[in-house]
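Comments concern the structure below.
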Amino acid sequence: MVKGSRQVGTLRLGLALGSVVLALGLAMALFFAATIVFTQSEMERAESRAVLYRTSVEDALTRLEHLPYVLAQDSMVIRAAIGLDRYELNRRFARIAELSDAEAIYLMDKDGLTVAASNYASELTFLGQNYGFRPYFKTAAAGGFGEFYAIGATTARPGYFYAAPVYDVLDKLVAVLAVKVDLLPLTQAWNNSDERILVSNADGVVVLASDPDWSYRTLRPLDAARREEIAQQRQFGTEVLPALDWDTSATNTVRVQGERYLQVALPISRQGWTLHFLGNADRIREQAIFTVITAAILIISLTAATFFFRSRRLRRALRASQEDRVRLVKEIEDRRAAERRLERAQSELQRAGKLAALGELAASVTHELGQPISAMRNYIVAEELASAAPATGLVAKLSGIVTRMENITRQLRFFAAPGNEKMQPVAISEVLSDAVNLTRHTIEEANIEISIDNMAPSATVQGNRLRLEQVLVNLLRNAVPAMEHSDERHLSIEVRTLENEVLVSVTDTGRGLDNRSLETLQEPFHTTRRSGEGMGLGLAISTAILKEHNGRLTAEQCDQGGARFTMILPLVEIEDND
Ligand code: ADP
C-alpha cells in the first residue's frame, strides 16, 4: 500500500519534472525561432536604412564635385592665377561658397600656396597657407582631378576636397582650384538620431561616425609604412588613429566597445569607402523574450480556462449524478413502500379469507351443536327435578360442562357472519346502551366501575346495528379479563365527534398492551386468555366489521396504565323533517 502510494508519488514527480523540462524546451525553441524571425526582419530594416544613409553620404560627397572644374574655366580665376585682381576673386569665391554651401573655395599657385580664398576674411583663412602636401593638390597640379578626405590642416574640421587644374590662355597649367565640402553637418544629423552609423575608408579608418568617440579609429591594424604616408599627407591632422574595439567574429553581428549590433556594410562609390549600419541587436532579444512571455501567458490562460470549463462541466455532471442518485433513492423508497403496502394488502386479504372461512365454520358448528347441547341441558334440568334432591356430584359436573359448551357456542355465534346485512342509519347512543346492557352483568360481577360520557348523543352512522353492537360488546368484554389483577377497576366509555367522524373509546385500568401493536392484537387466534375463555378472534372480527362500515379501530397504551380502544365511524347527515 505504502509502496504503491510512493510509486504514484514518484510517477507524479517525474511527470511534473517532465512537464517543466518540456515547457522549458518549448520556450527555448520558441525563443530561437523568434530570434531568427526578428533577426531577419531587423536585417531587412537595417539594409534599407543603410541604403538610405549611403545615398545621403554619396549625395554629400558628389554635390559639388564639378564646381572646381567649372570655376577653373572662369576668366577671373585665370587672371588671378597669373597674379591679377586677386582681391576681387576672394569676394567672388566667398559669394559662390555661400550660395553653393561649400565650406571653402580657394586658389593655389603651382607650389600649393593659397593666393585667393573664400574665407579670406576669417581668422582661420586659407590665404597664405601652403597645401602642396595634399594628394588632391598633387593630382590637380599634375593635370588631373583630385579628391580627398582630410581633417582641415587650418580649421581642424573634417571635409572632402575636390581640386582641378587652372590653365592660362596659352593652355599652361598655372594654378590649382580647390573646393572643400564640410562633412560635419552630416555626422551631426546622425548623432541626433538614435541609429548607429559609421563610414570607414580604404585603410579601415573611421572617417564619419554617429558616435564622435568612434571617429579616427581603425577597424583593422595599419602597417607602419601606411601610417607614415598618412602622416605625411596630414590626412588626419594630429589624430593618432588608435584601434576601435571592433569584433566581427559573429555572423551578421558586430561587437563595438562591448555592445552587440546587427551589421550591414555597403560600399560607397568614392575612395573605397564603406558604410556600416549598426542595427539594434538587443531589441531582437527583447522582442524574442516578449514573444515567449506572451506565448506563455497565452498558454497559461488557455490552460486555466480549459481547466476552469472542464471542472465546471465535471461539477455539473456530478450535481446531475447526485440528483439522479437522490431520485433513484427516492424511487427505491417508493417501490419499497409500495411493496410494503402490497404485503399488507396480501396479509389483510389472507386474514379476510380466514375470517370468511371461520364465519362459515362457526355458523355450521353452532347450528349442529346447538340442538344436542340444549337437549343435554333439558335432560339435566329434568334429572334435577326428578330427583328433587340437591344435584349429585355427577349432575353438577355435567351441568358445568354444558355451561362451558354453551359458552363456546355463544362465542362461535359471535363470529358467524349474518347472512343479510342491511345498512341503515344507526344511532350510536342506542348501540352504546344496548352493548352496556348486554355486558353490565359481567362487568359488575367483576367489581368494575363503569362511567359513560356521551358528548355526541345524536351521532348517527350508516350501518348494521347488531354488528356494531358486536364490536362494542367485544371491546367491553375484553376489558374485563384485562383488569383481573388490577386494584383499581374502572371502565370509562366516551363518545365524541371529530370533524365528520364519531369516536367511541373504551378505556380500562387493566394491564395494558405490553408493547404489542394493534396489528398483532387483531391477528386471528392471537390471545392471552386461557383455553375455553377466548379464541383470539374478537379484535380481528371487530376490525373487519368496522372496515365494512368504512370505519377503523385504534388501540393505544394509556399513560397511567391500561388500554384504550377506539372505534371510529363516519357520521351520516340525517335530514331533519321538523
Ligand atoms: P380474545 O379476547 O378471545 O383473546 P381478542 O381478539 O378480542 O381475542 O383479543 C386478543 C388479545 O388482545 C387478548 O387475548 C388480549 O391479550 C388482548 N387484549 C384485548 N383487549 C385488551 C385490553 N382491554 N387490555 C389488554 N389486552 C387486551
Side-chain angles (χ1 to χ4, degrees), residues 347-348 350-359 361-362 365-366 404-417 432 435-436 438-440 442-452 467-495 503-548 551-568:
S347 68
E348 269 174 26
Q350 274 178 353
R351 197 184 299 153
K354 278 187 204 168
L355 287 175
L358 198 78
L361 186 73
V365 168
T366 45
R404 197 163 165 200
M405 285 165 77
E406 278 172 344
N407 223 358
I408 290 168
T409 48
R410 184 170 44 79
Q411 280 185 35
L412 278 176
R413 209 174 294 125
F414 175 82
F415 307 128
L432 177 65
V436 170
L438 278 171
T439 51
R440 190 180 295 280
T442 321
I443 291 168
E444 282 173 359
E445 221 175 36
N447 278 331
I448 294 169
E449 201 181 299
I450 181 165
S451 67
I452 300 167
R467 296 294 271 164
L468 292 176
E469 229 175 74
Q470 234 177 322
V471 176
L472 199 53
V473 165
N474 182 46
L475 293 184
L476 294 173
R477 280 221 176 102
N478 275 351
V480 177
M483 288 189 278
E484 207 172 26
H485 304 293
S486 302
D487 294 333
E488 188 199 343
R489 297 179 184 186
H490 188 89
L491 186 66
S492 66
I493 304 166
E494 191 186 275
V495 183
L503 288 72
V504 184
S505 53
V506 178
T507 312
D508 63 51
T509 52
R511 59 190 183 88
L513 299 180
D514 300 332
N515 287 329
R516 289 168 298 170
S517 68
L518 177 64
E519 293 217 331
T520 315
L521 300 183
Q522 67 195 18
E523 210 34 65
F525 307 112
H526 172 86
T527 183
T528 50
R529 297 171 68 183
R530 285 182 291 272
S531 165
E533 286 180 4
M535 300 175 77
L537 289 166
L539 287 179
I541 302 278
S542 298
T543 305
I545 292 171
L546 287 175
K547 209 165 199 171
E548 281 164 17
R552 60 193 185 278
L553 184 72
T554 66
E556 57 194 305
Q557 177 78 33
C558 295
D559 292 340
Q560 65 277 16
R564 175 180 298 126
F565 287 81
T566 306
M567 54 186 268
I568 303 169

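Both ligands and their constituent atoms are indexed starting at 1 by order of listing. Bear in mind that the values here come from a model prediction, so they are computed numbers and not experimental data.
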Exercise. Does ligand 1 have any atom sitting under 4.0 Å from a heavy atom of R516?
Worked result: yes
Exercise. Just distances here: any N/O of L539 and N/O of ligand 1 closer than 3.5 Å?
Worked result: yes
Exercise. Sequence neighbours excluded, which residues qualify as side-chain hydrogen bond (donor to acceptor under 3.5 Å, both in side chains) partners of R489?
Worked result: none
Seminar exercise, completed: So for D508 against ligand 1, with non-hydrogen atoms under 4.0 Å, the contacting part is side chain
Exercise. CD1 of I452 to CG of L432: how many Å apart, nearest 0.5 Å?
Worked result: 5.0 Å
Seminar exercise, completed: Closest heavy-atom approach to atom 25 (C) of ligand 1 among G510, G512, P481 is made by G512
For this session: Mark yes when over 12 heavy atoms from residues, nucleotides or ligands other than N515 sit less than 6.0 Å from its CG; otherwise mark no.
Result: no
Exercise. Which atoms of ligand 1 are found less than 4.0 Å from any heavy atom of T527?
Worked result: 1 (P), 4 (O), 14 (O)
Problem set entry | Name of the residue among I545, V506, T543, V504 meeting side-chain contact (heavy atoms from CB on, under 4.5 Å) with M567 | V504
Exercise. N/O of G538 under 3.5 Å from N/O of ligand 1, yes or no?
Worked result: yes
For this session: State which residues pass salt bridge (Lys or Arg N to Asp or Glu O under 4.0 Å) with E519; sequence neighbours excluded, sorted by chain then number.
Result: none
